[in-house]
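Following: one structure in structure tokens, then a few remarks.
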Amino acid sequence: MDTIDRGLSEEQRIARASCRAFVDEVITPFIRQNWQREWLMDPDARLPPAILEGADRIGIRTLGVPEEFGGTELDPATEVQTFAIIAEEIARGDSGLADKLVQNWKVSVLLRKFAARHLQERWFPRLVGDPGFLLAHCLTEPRGASDRWLPYNVPEAAMHTRAVRDGDAWVINGRKQFISNGYDAGLLVVYANTDPKVGMLQGTSSFLVPRDTPGLTVARCNETLGCRFMNNGELVFEDCRVPVDHLLAEGEALGSAGIYFRPGKIIQAAKNLGVGMAAFERTAEYVQTYVQGGRILIKHQAVALRLADMATRLAAVRALLGSAARAVDEGGADADQLCNMVKVFASEEVFKVAQHAMELHGGNGVMLDFGIEKLFRDAAIFLHMDATVDISRFKIVKSMFPATAGAYAGPEG
Ligand SMILES: Cc1cc2nc3c(=O)[nH]c(=O)nc-3n(C[C@H](O)[C@H](O)[C@H](O)COP(=O)(O)OP(=O)(O)OC[C@H]3O[C@@H](n4cnc5c(N)ncnc54)[C@H](O)[C@@H]3O)c2cc1C
């Protein structure tokens, strides 16, 4: 199912073509020939450095980094739409690799807005200069993720990770879990409670924490069901001191995180679409070559109908993704709603697409060396990332009806 170039700029067309070539010539052959590699239990050994170096060579590792620091700057009027095009292409090759790379883009967008100039001068060149350098964004805690997005703006729902000012430093104590790139990132953005007396929208601050800061420990690398080339990690902060200038946003960090989350959800849905496209393309090829009952599979009408269903779902995701990405680029009042809609819609539709792919491949669909089950596993992860399905729906209705659905349902004061 070729994507139509309707409305793409020259910049977007070129970016997509070079990504597609990288995926078709490097990523897909690597994954097919090394299907066991994602199961290596040594996280450092899973993805060879040459893959990130290849991504670096075509300029897709440092999107979002200002050009003055050597990054690949995109046309700001269509930046998020271009992120979506590139994220989809990479995830068509491998969703975990896409996860790894897009964290760099999303956190760079946040840093270029909130980090002090001298910190940008220190960290952006590090990111640009080292193809293995990764960024991470740490919100989720053992007892708190979903609640952060509900209207519970009350002290008891606040983050458990605390940061306290001590002279010229902030001292962070707490734990973060399920963090993308958490195992191997060189620089992290960490959210912590800095005022336990107020609601989390007023009492949460964000900090820049370099990986080698004393008091920061990587407790483990999570072994995930899918997207396994991204090393998801757990982090512990014990009297972890960062200089005062490493404070990014004081008090209102959750509100400021919108600059990360709006493009983030578009990118999330775009990666998800890439997984769906890979499932469709491989299934379309299979059903037109594999013979059962004396005919290629597609001649059996039940098979043909399933393929049509896959294509229709993917087209619907693409259409919503296009509108949502445009809304973010244009700063539309409906951008938040559309971002949540496309993130949740993509996760459920593509999961169904991956299910069709697995079923249409019959027994081959569940064999590890065949590779289709990997797309099903990768698709399952999207239901959980960047908020669960139910919480995403809650966020949609909360932003549509702030006075009713968006108000705390606890006892009235
Ligand atoms: C692969 C992966 C990568 C991730 N990367 C990051 C990252 O980079 N940074 C980061 O900060 N986080 C990250 N996360 C965490 C992710 O955002 C959370 O997993 C997600 O928000 C859900 O939180 P939870 O796992 O604590 O689930 P829980 O909050 O424990 O939810 C469990 C279930 O209960 C439901 N539920 C919970 N509370 C309510 C409620 N009040 N009302 C109704 N239903 C409720 C949920 O919908 C869900 O079905 C990642 C997760 C995954 C799987």
Check: Which one of Asp386, Asp99, Asp94 satisfies the salt bridge (Lys or Arg N to Asp or Glu O under 4.0 Å) criterion with Lys271?
Finding: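 Output: one option passes, namely Asp99.
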Taking atom [atom1] of [X] and atom [atom2] of [Y], what is their separation to the nearest 0.5 Å?
| X | Y | atom1 | atom2 | value |
| --- | --- | --- | --- | --- |
| Thr213 | Phe237 | OG1 | CZ | 9.0 Å |
| Asn272 | Phe345 | CG | CZ | 11.0 Å |
| Thr140 | His384 | OG1 | NE2 | 13.0 Å |
| Gln177 | Glu234 | CD | CD | 5.0 Å |
| Arg20 | Ile58 | CZ | CD1 | 12.5 Å |
| Gln337 | Ser399 | CD | OG | 4.0 Å |

Next item on the list: Test Val353 against every option in Val317, Leu375, Leu314 by the side chain to side chain contact (heavy atoms under 4.5 Å, CB included) rule and name the one that passes.
Entry: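 The residue from Val317, Leu375, Leu314 that satisfies side chain to side chain contact (heavy atoms under 4.5 Å, CB included) with Val353 turns out to be Leu314.
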Checklist line | Name of the residue among Val303, Ile298, Leu307 meeting side chain to side chain contact (heavy atoms under 4.5 Å, CB included) with Thr283 | finding: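 The residue from Val303, Ile298, Leu307 that satisfies side chain to side chain contact (heavy atoms under 4.5 Å, CB included) with Thr283 turns out to be Leu307.
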Indicate the atoms forming the closest heavy-atom contact of [X] with [Y], along with that distance.
| X | Y | answer |
| --- | --- | --- |
| Tyr191 | Met159 | O-SD, 3.5 Å |
| Val236 | Ala219 | CG2-CB, 3.9 Å |
| Ala279 | Ala357 | CB-CB, 3.9 Å |
| Ala185 | Ala136 | CB-CB, 3.7 Å |
| Pro131 | Leu52 | O-CB, 3.5 Å |
| Ser392 | Asn340 | O-CB, 4.1 Å |

Do side-chain atoms of [X] reach the backbone of [Y] as a donor and acceptor pair under 3.5 angstrom?
| X | Y | result |
| --- | --- | --- |
| Trp105 | Ile60 | yes |
| Thr28 | Asp24 | no |
| Gln120 | Arg112 | yes |
| Thr224 | Gly226 | yes |
| His118 | Asp245 | no |
| Glu141 | Thr161 | yes |
| Ser108 | Asn104 | yes |
| Asn193 | Arg162 | no |
| Arg61 | Asp130 | yes |
| Arg37 | Arg46 | yes |

Report yes if some heavy atom in the side chain of [X] is under 4.5 Å from a heavy atom in the side chain of [Y]; otherwise report no.
| X | Y | value |
| --- | --- | --- |
| Ile31 | Ile27 | yes |
| Leu321 | Arg318 | no |
| Phe133 | Trp123 | yes |
| Arg211 | Val218 | yes |
| Ile179 | His137 | no |
| Glu53 | Arg57 | yes |
| Leu111 | Leu208 | yes |
| Phe124 | Pro66 | yes |

Next item on the list: Starting from the C-alpha separation in whole Å, work towards a yes-or-no answer on salt bridge (Lys or Arg N to Asp or Glu O under 4.0 Å) for Lys352 and Glu348.
Entry: CA-CA 6 Å; Lys352 188 70 197 170; Glu348 294 194 315; over 6 Å; no
No-hydrogen, no-angle side-chain donor-acceptor test under 3.5 Å, [X] and [Y]:
| X | Y | value |
| --- | --- | --- |
| Gln103 | Lys106 | yes |
| Glu285 | Tyr290 | no |
| Asp329 | Gln81 | yes |
| Tyr183 | Asn222 | no |

Notebook entry, point to check: Given Ile381 and Ser95, is the side-chain contact (heavy atoms from CB on, under 4.5 Å) satisfied, shown in steps?
Noted result: CA-CA 10 Å; Ile381 298 287; Ser95 187; over 6 Å; no
Notebook entry, point to check: Between Phe83 and Ile266, is a side-chain contact (heavy atoms from CB on, under 4.5 Å) present by the stated rule, with each step listed?
Noted result: CA-CA 8 Å; Phe83 281 163; Ile266 298 298; 5.9 Å; no
Margin query: Apply side-chain contact (heavy atoms from CB on, under 4.5 Å) to residues Phe382 and Val350 and explain how you reach the verdict.
Written below: CA-CA 9 Å; Phe382 288 89; Val350 174; over 6 Å; no
Item checked: Other residues, nucleotides, ligands: >12 heavy atoms within 6.0 Å of Arg13 CZ ->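 Buried by this count: over 12 neighbours within 6.0 Å.
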Note to self: Is it the case that over 12 heavy atoms from other parts of the model lie below 6.0 angstrom from the CD atom of Gln301?
What the structure shows: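 No - once you tally the heavy atoms of other residues, nucleotides and ligands closer than 6.0 Å, there are 12 at most.
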Next item on the list: Fit a plane to each ring of Phe370 and Tyr286, take the angle between them on a 0 to 90° scale, and name the class: parallel (under 30°), tilted (30 to 60°) or perpendicular (over 60°).
Entry: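 Aromatic pair Phe370/Tyr286 classed perpendicular.
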Note to self: Holding to side chain to side chain donor-acceptor pair (under 3.5 Å), I want the full list of residues that pass it with Arg377, two or more places apart in sequence or in another chain.
What the structure shows: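 Arg377: side chain to side chain donor-acceptor pair (under 3.5 Å) contacts with Glu38, Glu373.
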Check: Taking 4.0 angstrom as the limit, do Arg92 and Glu88 come out as a salt bridge?
Finding: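 No.
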Margin query: Among residues at least two apart in sequence or on other chains, which ones pass ring pair (Phe, Tyr, Trp, His ring centres under 6.0 Å) with Phe401?
Written below: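 Checked Phe401 against ring pair (Phe, Tyr, Trp, His ring centres under 6.0 Å); zero matches.
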Note to self: One pair to check against side-chain contact (heavy atoms from CB on, under 4.5 Å): Trp170 and His246. What are the steps and the verdict?
What the structure shows: CA-CA 8 Å; Trp170 284 92; His246 283 47; over 6 Å; no
